[in-house]
Amino acid sequence: MHDDLIARARTWLAEDPDPDTRDELAKLIESGDVTELTARFSGTLQFGTAGLRGELGAGPMRMNRTVVIRAAAGLAAYLKKHGSTDGLVVIGYDARHKSEDFARDTAAVMTGAGLKAALLPRPLPTPVLAFAIRHLGAVAGVEVTASHNPPRDNGYKVYLGDGSQIVPPADADIAAEIAAIASLNDVPRPDAGWQTLDDAVLTAYLARTDAVLAENSPRTARTVYTAMHGVGKDTLLAAFDRAGFPAPELVAEQAEPDPDFPTVAFPNPEEPGAMDLAFAKARETNPDLIIANDPDADRCAVAVKRDDTWGMLSGDEVGALLAAHLVARGAHGTFAESIVSSSLLGRIAEKAGLPYEETLTGFKWIARVEGLRYGYEEALGYCVDPEGVRDKDGITAALLITELASGLKEQNRTLLDLLDDLAVEHGLHATDQLAVRVEDLSVIARAMEQLREHPPTELAGLAITRAEDLTRGTDRLPPTDGLRYTLTGARVVVRPSGTEPKLKCYLEVVVPVATHAGLPTARTKATALLTTIKRDLSAAAGI
C-alpha cells in the first residue's frame, strides 16, 4: 500500500506544471508523510453541479493546476461532442490564490482544443462573467472562485451557453470526459492564442444595471459598503455612481482584494464577526443601511439599525423585501425560490396574482424557471434581472434594495417598517438555521441516516403532518439528498451543503398576526418555537 501510494504521488509529480505544488509534493514524498499523502491521493475531487471546490494544494484531492487542466480538458471534450467545435468559452476569475493561473490554464486548454477562449480583463465579480456569456454569444463560461469559502480554498464553476450553471446530466457527462484523460501530456496547452477582453464587457454589464431600477425613482439612501476583501468594490461603486446614488462609505480595511482575508475568520457576511467592521463604520457615519458583498460579489447582505443597534437582515427578509418592491413596481413574470427559502415569497406572489415556483437549492435551478422575473435563495442570493444575468448577482441586488430604502426614506419609513407590514398582511414568517460544520464528512452521513431510519413524529410539540425523503424526488422536484418535514404552522428542510463540510437544517414557523400591535407577541412566540424545533431536531439527528 505504501509503495503504491508513493508511486502514484511520483507519477503525479512528474506531470505537475506548477513549481509551487511540485515543491510541496516532493517534500511530502521525501519525508514519507503517509497520512498527508493518503489524504491527497485517496480519490479525486468530484466534478458536480457546483463544478469543483476544495483546498489548494498538490494531489488529486486538492485544487491545483493539474486538476484544473484536466477539468478544462473534460469541459472542452464535452463541448465538442455536443457540437461546439470552435465556439467561444469566456473565463472569469476572482482574486484568490492561484485564480488567475487557473483561468489562464483554462484559456490555454480551450485554445489547444480548437475552441476560442476569452479571459475577462482582471478579477471581476462572478455576475460579470455570467452576463458576458450571453452578451458575447459564448458556448460556455468558467468562473474560477471559491465564493465565500476560507482562504485556503478555490473552485471552478461552469456555465453553458444559456448563461446558467450546469445541471445534471451535463455534470456527469463532463466528469466522464475528465476521467477519460489518461495523462496531462495528452492535453495541448499552447502559450498563446486566446483573447484578453478589454473593459467593454464590464461597460456593457454596467449599462445593463440600468434595467434594474425604475425610471426617476428616489436615489437618496446612504450606505456603508464592504467588499469583504473581494472583487466587488469597483464594480459596485461604478454601478451606484451610474444610478445616481450617494457614494457608499467604504469599510477601508476590507475594500481591496486580499486572498488571505485578514480581518475575518470566514469571508462570508453570514458568519459571526464578519460584519463587525461594517457595523463600526455605520456607527461612525449613520447611513440608512449597510451593504456587503461576498468575495466574488454574487451575494448581497443587508444590515439595518434596530433600536440604536446595527444588525443583519436575514436572506429571507431581504428576499421578501425585494419581492414586495418588485410587486409594487408592477412586475410581471414568475417568482421563484429554492425549497430552503421562506414560504413568504409564495404568499406575496399569490396575493399579486403572479406565478410561483419552488426549485432545488442553487441558482443553477432557480435561473432555469420558465418566465422567471425574480428568484432568490436564503443564502443571500438574488436574481433581480434574469434577462441580464441568469444567476445570483450581488451588484444589482444592492442597487434594488437601495432603491427600495430610498423610496421608504422619502416616506419617513424604513425597511423594518415594510417587513412589519408584510408580517401583518401575510403572517409572521420567521426563519432560522441549524448548521453544523464538521471535519469528518461521515458525521453528516450518519445524521442523515439516523433521521431516515428513525424519523421524528413531532418537533417542539408540533405534529409532523408530512415527511418527504427528497432522494426520491417529487412531482415537481428532481431527486436530491435532503429531507423535508411539514408541521402544523412550520417547515423543516435538512440537507448536506453542496459547497462546504456542513449539515444544514432550515427552519420556518408561521405565526398569524392581526395587527401591528400584535407583532412583539408573535415574534416572541416564533423565537421560542424556532429554539425548541432546533433543540428537538438536533437530538433527533444526533448532532
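Worth saying up front: this structure is predicted, and the values here are computed from it rather than measured.
- Using modelled atom types and a 3.5 Å distance limit, the side chains of T471 and D469 yield a donor-acceptor pair.
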Donor-acceptor contacts, no H, no angles, side chain residues 534-543, under 3.5 Å, sequence neighbours left out:
from: K534; atom 1: NZ; to: D432; atom 2: OD2; distance (Å): 2.9
from: D536; atom 1: OD2; to: A460; atom 2: N; distance (Å): 2.7

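- With no hydrogens or angles considered, a side-chain donor-acceptor pair links T21 and D16 at under 3.5 Å.
- For K364, there are no salt bridge (Lys or Arg N to Asp or Glu O under 4.0 Å) partners at least two apart in sequence or on another chain.
- Judged by distance alone, the side chain of R62 and the main-chain N or O of V67 form no donor-acceptor pair under 3.5 Å.
- Judged by distance alone, the side chain of N154 and the main-chain N or O of H97 form a donor-acceptor pair under 3.5 Å.
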Exercise. Could you walk me through whether R299 and S147 pass the side chain to side chain donor-acceptor pair (under 3.5 Å) check?
Worked result: CA-CA 9 Å; R299 288 174 170 83; S147 190; 2.9 Å; yes

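- Not less than 6.0 angstrom separates the ring centroid of F335 from the ring centroid of Y356.
- S31 and D33 share no donor-acceptor pair across their side chains, judged by distance under 3.5 Å alone.
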For this session: In sequence, state the C-alpha distance, the side-chain angles, and the governing distance for D94 and K157, and then conclude on salt bridge (charged side-chain N to carboxylate O under 4.0 Å, His left out).
Result: CA-CA 12 Å; D94 65 12; K157 186 185 293 189; over 6 Å; no

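- Counting heavy atoms from C-beta on, the side chains of L56 and F102 come closer than 4.5 Å.
- Checked by atom type and distance alone, the side chain of D294 never pairs as donor or acceptor with a backbone atom of N268 at under 3.5 Å.
- S343 and E508 are linked by a side-chain donor-acceptor pair at a separation below 3.5 angstrom, with hydrogens and angles left out of the test.
- In this structure, R8 contributes its side chain and F41 its backbone to a donor-acceptor pair below 3.5 Å.
- Under the ring pair (Phe, Tyr, Trp, His ring centres under 6.0 Å) criterion, Y78 pairs with H82, not counting sequence neighbours.
- Of the possible donor and acceptor atoms, none in the side chain of D171 sits under 3.5 Å from a partner among the backbone N and O of I166.
- Side-chain N or O atoms of T480 include none that pairs as donor or acceptor with a backbone N or O of G482 at under 3.5 Å.
- When atom types are taken as modelled, the side chain of T111 and the backbone of A107 share a donor-acceptor pair closer than 3.5 angstrom.
- In the displayed structure, D440 atom CG is contacted under 6.0 Å by more than 12 heavy atoms of other residues, nucleotides or ligands.
- Salt bridge status for R189 with E15: absent, with no side-chain N to carboxylate O gap under 4.0 Å.
- We find that E271 and K502 are joined by a salt bridge, their nearest charged nitrogen and carboxylate oxygen being less than 4.0 Å apart.
- A donor-acceptor contact shorter than 3.5 Å is absent between the side chain of R390 and the backbone of S164.
- The environment of CD in E453 is crowded: more than 12 heavy-atom neighbours from other residues, nucleotides or ligands sit within 6.0 Å.
- Salt bridge present: R40 and E24 bring a charged side-chain N and a carboxylate O closer than 4.0 Å.
- In this pair, Y382 and Y376 present their aromatic rings parallel. The plane angle is below 30°, not in the 30 to 60° band.
- Neither side chain, D385 nor T396, offers a donor N or O lying under 3.5 Å from an acceptor on the other.
- Evaluation of the side chain to side chain contact (heavy atoms under 4.5 Å, CB included) rule for D258 yields H229, D260, P262 as partners, not counting sequence neighbours.
- Summarising the local packing, CZ of R10 is surrounded by 12 or fewer heavy atoms from other residues, nucleotides or ligands at distances under 6.0 Å.
- Side-chain contact, Q46 with T44: a donor N or O sits under 3.5 Å from an acceptor N or O.
- For the pair L37 and L25, the minimum side-chain heavy-atom distance is below 4.5 Å.
- Salt-bridge check for R122 with D234: failed, with every basic side-chain N at 4.0 Å or more from each acidic carboxylate O.
- With 3.5 Å as the limit, one finds a donor-acceptor pair spanning the side chains of R495 and T361.
- Under the rule for a ring pair (Phe, Tyr, Trp, His ring centres under 6.0 Å), F363 has no partner lying at least two apart in sequence or in another chain.
- Taking the ring pair (Phe, Tyr, Trp, His ring centres under 6.0 Å) definition, one finds that Y205 meets it with F131, sequence neighbours left out.
- Side-chain contact between V90 and L120: present, with at least one pair of heavy atoms (C-beta onward) separated by less than 4.5 Å.
- At a threshold of 4.0 Å, the pair E468-R484 counts as salt-bridged, since one of the basic side-chain nitrogens sits closer than that to a carboxylate oxygen.
- No hydrogens or angles considered: a donor-acceptor pair under 3.5 Å links the side chains of R446 and S442.
- Ion pairing between D18 and K98 holds under the 4.0 Å rule for side-chain N and carboxylate O.
- Donor-acceptor pairing under 3.5 Å is lacking for the side chains of R491 and Y506.
- Side-chain N/O atoms of Y225 and N293 include a donor and acceptor closer than 3.5 Å.
- With hydrogens and angles disregarded, no donor-acceptor distance shorter than 3.5 Å links the side chain of R96 to the backbone of T145.
- Here the side chains of H148 and V264 are not in contact, with every heavy-atom distance at 4.5 Å or above.
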Problem set entry | Check against side-chain contact (heavy atoms from CB on, under 4.5 Å), E143 and Y159 | CA-CA 8 Å; E143 177 69 21; Y159 300 74; 4.3 Å; yes

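- The shortest distance between side-chain heavy atoms of M228 and V251 does not fall below 4.5 Å.
- Taking 4.0 Å as the cut-off between side-chain N and carboxylate O, D162 and R368 count as a salt-bridged pair.
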